[in-house]
There are 2 protein chains.
Amino acid sequence: MEEYDLIIVGSGPAGYAAGIYATRFNMKTILIGKESGGQVSESYRIENYPGFSMINGMDLATKFKEHAESLGVETMDFLEVAEIEKTENGFNVKTEDDIGYFGRTLIFATGAKKRKLGLLNEDKFRGRGVSYCATCDGVFFKDKTVSVIGGGDSAVASALLLSEYAKKVYLIYRREKKKMRAMPVWIERAENNKKIEMILESVPKELKGEEKLESVILDQNGKNIEIKLDGLFIEIGTDPESELAKKLGVSVDAKEYIKVNEDMSTNVPKVFAAGDVTTGSNMLAQIVTACAEGAIAAESAYKYLKKRGI
Amino acid sequence: MEEYDLIIVGSGPAGYAAGIYATRFNMKTILIGKESGGQVSESYRIENYPGFSMINGMDLATKFKEHAESLGVETMDFLEVAEIEKTENGFNVKTEDDIGYFGRTLIFATGAKKRKLGLLNEDKFRGRGVSYCATCDGVFFKDKTVSVIGGGDSAVASALLLSEYAKKVYLIYRREKKKMRAMPVWIERAENNKKIEMILESVPKELKGEEKLESVILDQNGKNIEIKLDGLFIEIGTDPESELAKKLGVSVDAKEYIKVNEDMSTNVPKVFAAGDVTTGSNMLAQIVTACAEGAIAAESAYKYLKKRGI
């Protein structure tokens with residue numbers, strides 16, 4: 001079995017950045033990811049990764065990957081990790097094609113997935129009106145009409161942020177107002193905001209449009225209503241991909257995010273984590289914060305081995 | 001006096017990234033910095049900022065600045081902040097040219113300065129053999145001979161890291177071994193490393209070379225010795241630029257770094273901090289970690305105002 005100082009699971013910004021830094025520490029490193037680029041590669045346009053005023057998500061993901069590879073990181077994309085087994089000195093990582101890799105340390109950079117509504121056309125309109133990140137895409141909706149779906153903190157905070165740009169923001173929630181999980185202070189701010197209108201007890205049923213999203217049909221207590229809009233922000237939750245880590249005994253929080261210390265270590269020795277799958281960066285899940293966590297995790301893995309003379 | 005939602009003090013990566021994110025939150029933002037680009041602009045070549053396989057420091061600093069400006073951040077470079085006064089609703093920031101700016105929130109991104117030996121030619125050889133960051137520049141010294149000056153954790157850890165690349169590493173310390181402040185485990189690793197040779201009770205006196213650094217003259221108990229080398233890493237400490245923050249009552253640690261919480265807030269309400277001047281990112285002072293801290297600080301400043309309906 002091929003031996004590595006570090007195995008990185010996940011091929012988004014956190015994983016590639018961890019790889020870039022691991023090579024600076026001269027660690028023999030392999031990165032295994034089931035996609036290439038993670039959520040980034042699905043982004044239509046990115047304006048908030050410092051250094052690139054505007055770049056397509058796929059292009060940025062490619063840059064990250066090429067950067068890591070140019071420094072010597074082995075990358076295995078579109079390959080899923082099937083199983084990780086703890087051994088005395090590290091971990092045996094087995095991929096779905098039944099090949100094994102031994103790693104002295106591990107970094108989980110497996111990311112998170114935004115929950116989808118599950119409607120027809122949702123994927124088709126992604127980047128054409130449908131978004132899962134107001135911080136990323138809100139600025140593209142200046143003086144437009146948008147909706148946010150959801151009732152948690154992210155949904156209400158997104159509505160507030162969108163009100164800075166859009167001329168009208170509908171906040172659509174499936175139940176009554178008192179069932180909203182968002183902090184009261186956020187809900188109060190939304191109610192006091194003249195641009196924001198709450199549409200309660202309404203469930204999205206259909207997304208309509210030709211080339212891009214034009215309206216959403218809601219089921220409001222059995223009655224159909226149509227909301228014309230330019231953008232729809234879906235904020236109904238995020239699922240961190242922490243299954244593999246949990247099987248190794250890594251602690252997660254109530255929402256399944258991997259709990260990390262300041263050095264990106266987890267509760268399991270030699271196991272580190274970085275990016276959207278973690279509780280790090282004050283939960284600001286952005287490309288640049290994922291990269292920073294990757295860098296910190298790589299340094300911590302290096303120091304772990306070095307202090308023990310490995 | 002012109003009013004801003006956010007005033008950023010400092011014009012390195014942390015400051016520009018904070019500006020980029022502040023505009024995403026539609027905050028009216030000004031950035032005031034006494035240099036442009038901070039330490040980055042002094043870096044000869046950068047290979048570890050994810051997305052750029054190789055870029056000159058000045059070029060990357062310019063990209064950060066243009067990115068922030070393109071999104072609407074006002075920037076004032078080469079202008080020093082003279083004084084900051086707390087008011088009821090925010091801060092009056094006065095620059096050295098006696099102009100005042102009002103900010104509802106503040107981010108200190110004032111950076112840190114590596115201590116210099118203070119030798120003739122030290123600046124001339126910077127990027128031509130003299131470096132202050134093994135993590136950044138170590139990889140450029142494959143199979144070369146290098147020295148590290150210092151006896152603290154950074155110095156010994158740098159020597160260990162450099163041993164991964166260089167064929168020979170001299171660790172030069174001005175006093176006897178037992179006076180070294182580095183953790184015993186680091187010192188032990190260095191002693192057990194065949195490439196590392198400690199030169200004790202020796203003080204650098206002169207840097208010699210034509211176009212680039214070729215040797216260093218040490219004063220070893222009154223006797224001159226010359227060490228031929230390709231690279232000299234100066235690790236004798238870092239001074240965070242936290243004076244202005246301290247005057248506002250911001251808490252710092254024993255080494256004068258601004259103490260930050262996970263959201264980059266400080267002990268003083270409405271005052272945030274980011275980058276090398278802080279205790280954040282597990283003290284891994286890198287461009288990408290500074291940027292991430294800037295993004296988090298900007299979001300926190302935004303949330304602070306938003307929760308209060310400001």
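Order of the sequence lines fixes the chain letters, A, B, ..., with proteins taken first and strands second; residue numbering starts at 1 for each chain.
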Asker: Under 4.0 Å between a side-chain nitrogen and a carboxylate oxygen: does that hold for A/R104 and A/D5?
Answerer: yes

Asker: Quick one: CD on A/E235 to CG on A/L162, what's the gap to the nearest 0.5 Å?
Answerer: 9.0 Å

Asker: Using non-hydrogen atoms and a 4.5 Å limit, figure out which bit of A/E293 sits close to chain B: side chain, backbone, both or neither.
Answerer: neither

Asker: For B/A292, enumerate each residue passing the side-chain contact (heavy atoms from CB on, under 4.5 Å) test, keeping only those at least two apart in sequence or located in another chain.
Answerer: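 Per chain and number, B/A292 pairs via side-chain contact (heavy atoms from CB on, under 4.5 Å) with A/T289, A/A292.
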
Asker: Would the A/Y49 and B/Y49 ring centres measure less than 6.0 Å apart?
Answerer: yes

Asker: Which of the residues A/L160, A/L161, A/T23 is involved in the greatest number of heavy-atom pairs with chain B at under 4.5 angstrom?
Answerer: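 Among the listed options, the one with the most contacts to chain B is A/L161.
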
Asker: So which bits of residues 297-310 of chain A come within less than 4.5 Å of chain B, counting non-hydrogen atoms only?
Answerer: A/E299, A/S300, A/Y302, A/K303, A/K306, A/K307, A/R308, A/G309

Asker: Side chain from CB out, backbone as N, CA, C, O: work out which of these in A/I20 comes under 4.5 Å of a heavy atom of chain B, or both, or neither.
Answerer: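 Contact with chain B involves the side chain of A/I20 alone.
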
Asker: Which bit of B/S163 comes within less than 4.5 Å of chain A, counting heavy atoms only: side chain, backbone, both or neither?
Answerer: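 No part of it gets close to chain A.
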
Asker: Heavy-atom cut-off 4.5 Å, strictly under: side chain, backbone, both or neither for A/M183 against chain B?
Answerer: side chain

Asker: Any side-chain donor paired with an acceptor under 3.5 Å for B/T279 and B/D253?
Answerer: no

Asker: Out of A/L71, A/T135, A/I296, return the one with the most heavy atom pairs under 4.5 angstrom to chain B.
Answerer: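 Heavy-atom pair counts peak at A/I296.
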
Asker: How about A/K144: does its NZ atom have over 12 heavy atoms from other parts shown lying under 6.0 Å from it?
Answerer: no

Asker: May I ask you to check whether B/F52 and A/F52 place their ring centers less than 6.0 Å from one another?
Answerer: yes

Asker: Sort out for me which of A/M264, A/M283, A/E262, A/Q286 touches chain B most, counting heavy-atom pairs under 4.5 Å.
Answerer: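 Going by pairs under 4.5 Å, I would pick A/E262.
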
Asker: State whether A/E74 and A/K28 are salt-bridged, where the test is any N-O pair (Lys NZ or Arg NE/NH1/NH2 against Asp/Glu carboxylate O) under 4.0 Å.
Answerer: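 Salt bridge flag = no for A/K28 with A/E74.
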
Asker: Using 0.5 Å steps for rounding, measure from the CD1 atom of A/I258 to the OG atom of A/S251.
Answerer: 10.0 Å

Asker: What residues, two or more places apart in sequence or in another chain, satisfy salt bridge (charged side-chain N to carboxylate O under 4.0 Å, His left out) together with B/R189?
Answerer: none

Asker: Checking A/S158 side chain against A/V156 main chain: does a donor-acceptor pair fall under 3.5 Å?
Answerer: no

Asker: Just by modelled atom types, is the A/N267 backbone N or O under 3.5 Å from a matching donor or acceptor in the A/K259 side chain?
Answerer: no

Asker: B/E188 versus chain A, heavy atoms under 4.5 Å apart: side chain, backbone, both or neither?
Answerer: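 It is neither, since no heavy atom gets under 4.5 Å.
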
Asker: Minimum heavy-atom separation for A/S131 to A/D137, with atom names?
Answerer: OG-OD2, 2.7 Å

Asker: Go through B/R24, B/E164, B/M54 and name the one with the most non-hydrogen pairs under 4.5 angstrom from chain A.
Answerer: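 The answer is B/R24.
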
Asker: Using modelled atom types and a 3.5 Å cut-off, is there a donor and acceptor pairing between side-chain atoms of A/H67 and backbone atoms of A/Y16?
Answerer: no

Asker: Counting only non-hydrogen atoms closer than 4.5 Å, can you tell me which residues of residues 58-66 of chain B sit against chain A?
Answerer: B/K63, B/F64

Asker: Could you check, using the six-membered ring where one of them is a Trp, whether A/F141 and A/F233 have ring centers closer than 6.0 angstrom?
Answerer: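 Yes, the ring of A/F141 comes within the 6.0 Å limit of the ring of A/F233, centre to centre.
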
Asker: Go through the atoms of B/Y21 and report whether side chain, backbone, both or neither lie under 4.5 Å from a heavy atom of chain A.
Answerer: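 The side chain, not the backbone.
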
Asker: Taking every non-hydrogen pair under 4.5 Å, which of B/N261, B/L284, B/V185 racks up the most with chain A?
Answerer: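 So the answer, after comparing B/N261, B/L284, B/V185, is B/L284.
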
Asker: With a 4.5 angstrom heavy-atom cut-off, is it the side chain or the backbone of B/S281 that approaches chain A, or both, or neither?
Answerer: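 Both backbone and side chain.
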
